[in-house]
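Since the structure comes first, as structure tokens, the remarks are kept for the end.
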2 protein chains.
Amino acid sequence: MTVTYQALADELATSLIRQDPGSRVVSENELSRLHAVSRLTARAALQELERRHLVRRVRGSGTFVARRVEYRIAADMPPSFQATVRRSGGMPSMRLVDSRAVAPPPAIRTGLKLSPAAKTLRLTRLGSVDGLLASHTTTWLPLGLAPTLADRLGGAASLMQELTDLGFDPRRRWYRAEMDVVPVHIAEELEIEGRPLVWHTTGLNGDGPNGRLLEMTEAWMRPDVFQVRLELGSAP
Amino acid sequence: MTVTYQALADELATSLIRQDPGSRVVSENELSRLHAVSRLTARAALQELERRHLVRRVRGSGTFVARRVEYRIAADMPPSFQATVRRSGGMPSMRLVDSRAVAPPPAIRTGLKLSPAAKTLRLTRLGSVDGLLASHTTTWLPLGLAPTLADRLGGAASLMQELTDLGFDPRRRWYRAEMDVVPVHIAEELEIEGRPLVWHTTGLNGDGPNGRLLEMTEAWMRPDVFQVRLELGSAP
DNA sequence: GAGTGGTCTAGACCACTAC
DNA sequence: TAGTGGTCTAGACCACTCC
């Protein structure tokens with residue numbers, strides 16, 4: 001039987017499940033030597049594993065077992081990134097990249113039901129899971145909703161936690177998830193090469209089930225980190 | 001400036017949007033001649049477009065502009081494949097591949113709340129959009145629920161339409177969507193090469209909001225056909 | 001400096017499709 | 001039979017990371 005790159009990939013895939021997330025995977029050169037195939041064939045096998053989101057490849061560094069976290073989105077789940085990741089056994093962290101008052105894009109203005117002249121506080125944050133870059137989120141909040149919020153988020157604090165501490169009760173009003181080609185500037189910040197498909201979500205949260213609208217968030221999430229699972233209705 | 005395969009792909013991508021779905025795209029050989037690059041580089045560009053689901057490649061035949069259909073899944077949408085596709089401007093069709101009485105797998109038995117000894121009618125169907133293979137669905141119904149159903153579905157009839165004609169009012173109770181590596185036997189039936197990620201959905205439908213459970217369906221959907229968009233809550 | 005993954009070349013054979 | 005995409009080889013240079 002001929003050893004194709006698919007067979008190589010399947011063989012590696014079964015051995016990977018016994019390795020710890022983040023641990024090193026055999027390199028292209030090693031693999032080509034071990035199985036007496038060309039480097040391109042060995043490379044094709046590792047790329048196949050990357051397409052299945054089983055490994056993460058870093059130029060100049062190596063190939064590593066992917067750390068995957070189930071990101072379950074359902075009506076009964078809290079609208080918090082950190083809580084959702086922690087529930088799946090991952091260690092989340094957030095870094096505030098930018099914070100400024102801006103005129104919101106039309107879709108955001110409509111979603112938050114703001115007047116045409118209203119401005120918003122826009123927060124840009126990068127999320128990590130177990131120290132690995134994982135998500136890029138942009139949040140718009142009505143300006144004046146929480147003047148002290150930007151200061152409070154300087155550390156690694158959770159936006160949902162801060163809103164709760166301020167006396168709000170954030171709840172999901174609307175949520176959408178799809179897979180889209182990642183925009184160039186997002187790809188750079190998430191250290192993604194090329195233009196692959198990435199999870200793209202948009203959410204609107206309000207104060208309690210019927211109170212005022214609190215914030216709207218757009219997120220791009222690396223699919224080699226998040227196994228997104230969206231559920232409607234109640235589990236059987 | 002060096003012409004990389006990414007630049008080639010971007011250039012092709014912008015010209016593709018002016019072409020009709022299903023129309024032929026430049027071949028690997030033509031592309032390599034036109035831009036004076038090796039065939040492997042031209043090939044990499046076309047593979048990049050395939051990863052973005054902009055084209056569909058068929059061995060021995062050629063590369064074609066993908067026919068993409070938005071498949072919106074939301075609480076207010078009817079649980080019907082054909083209705084959902086038609087709403088997005090696609091022409092759906094269904095072919096019954098297999099129909100038989102079987103003991104259901106545990107997850108299905110639990111979902112439909114059946115007794116351990118209960119049997120089900122299992123329908124396997126292949127769905128197409130504009131004549132192109134698009135989905136593989138397996139449906140389990142309590143045996144005896146609708147004795148004439150299998151006969152009625154011999155043609156291209158809609159399961160939801162038939163259930164409605166039989167006096168039922170099918171409604172979504174629960175629905176889950178995620179992306180998974182396609183199993184080998186599904187890949188063969190959907191004419192998918194390799195083991196890429198494919199939409200994987202499971203749904204449970206009942207008679208009206210509170211009536212008896214009607215059916216449970218597992219589906220695998222080609223992502224180069226369906227732009228799946230999942231929504232929770234009501235649109236802003 | 002050694003090793004890594006990313007890109008590219010110029011060939012080759014294959015299975016398959018369409019005519 | 002000609003053309004297509006799928007696989008594979010044996011090289012090469014590059015940018016990058018790690019030590």
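Chain letters run A, B, ... following the sequence lines, proteins first, then strands; residues in each count from 1. Just so you know, these numbers come straight off a predicted model, no measurement behind them.
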Give a yes or no on whether the backbone of A:Val182 and the side-chain of A:Arg195 come within a donor-acceptor separation of less than 3.5 Å.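 Looks like yes, one N/O pair under 3.5 Å.
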Is a side-chain donor or acceptor of A:Ser23 paired with a backbone partner of A:Gln19 at a separation under 3.5 angstrom?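 No: the side chain of A:Ser23 does not pair with the backbone of A:Gln19.
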Nearest whole Å is fine: how far is [N] [atom2] from [X] [atom1]?
| X | N | atom1 | atom2 | value |
| --- | --- | --- | --- | --- |
| A:Phe64 | C:dG5 | CZ | C1' | 11 Å |
| B:Glu48 | D:dG5 | CD | P | 17 Å |
| A:Glu193 | D:dA15 | CD | P | 14 Å |
| A:Glu28 | D:dA12 | CD | C1' | 14 Å |
| B:Arg195 | D:dG6 | CZ | P | 18 Å |
| B:Arg56 | D:dT4 | CZ | C1' | 16 Å |
| A:Leu8 | D:dT9 | CG | C1' | 15 Å |
| A:Arg24 | C:dT4 | CZ | C1' | 8 Å |

Ignoring backbone atoms, test whether [X] places a side-chain nitrogen or oxygen under 4.0 Å from the OP1 or OP2 oxygen of [N].
| X | N | value |
| --- | --- | --- |
| B:Tyr5 | C:dC8 | no |
| B:Thr4 | C:dT7 | no |
| B:Arg43 | D:dG5 | no |
| B:Arg59 | C:dT17 | no |
| B:Asn29 | D:dT4 | yes |
| B:Arg39 | C:dT9 | no |
| A:Thr41 | D:dT9 | yes |

Identify whether any heavy atom of A:Ser27 sits under 4.0 Å from a base atom; if not, whether one sits that close to sugar-phosphate; answer base, sugar-phosphate or nothing.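 Result for A:Ser27 = sugar-phosphate.
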Candidates C:dG6, D:dG6, D:dC8 - which lies nearest the side chain of B:Leu40: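 The answer is D:dC8.
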For A:Arg33 and for B:Ala42, locate the closest nucleotide of DNA chain C by heavy-atom distance; then report the residue assigned to the nucleotide nearer the 5' terminus.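 Final value for this comparison: A:Arg33.
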When the nearest nucleotide of DNA chain C is assigned to A:Ser61 and to B:Gln6 on a heavy-atom basis, which residue is associated with the more 5' position?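 Looking at DNA chain C, the more 5' nearest nucleotide goes with A:Ser61.
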With a 4.0 Å cut-off, would you call B:Glu70 and B:Arg229 a salt bridge?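 A salt bridge links B:Glu70 with B:Arg229.
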So A:Phe81 and A:Tyr71, would you call those rings parallel, tilted or perpendicular, with 30° and 60° as cut-offs?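 Aromatic pair A:Phe81/A:Tyr71 classed tilted.
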Ring-plane angle category for A:His185 and A:His136, please: parallel below 30°, perpendicular beyond 60°, tilted otherwise.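 Ring orientation of A:His185 relative to A:His136: perpendicular.
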Both A:Ala36 and B:Glu50 contact DNA chain D. Taking the nearest nucleotide for each, which residue is further toward the 5' end?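 Of the two residues, B:Glu50 wins.
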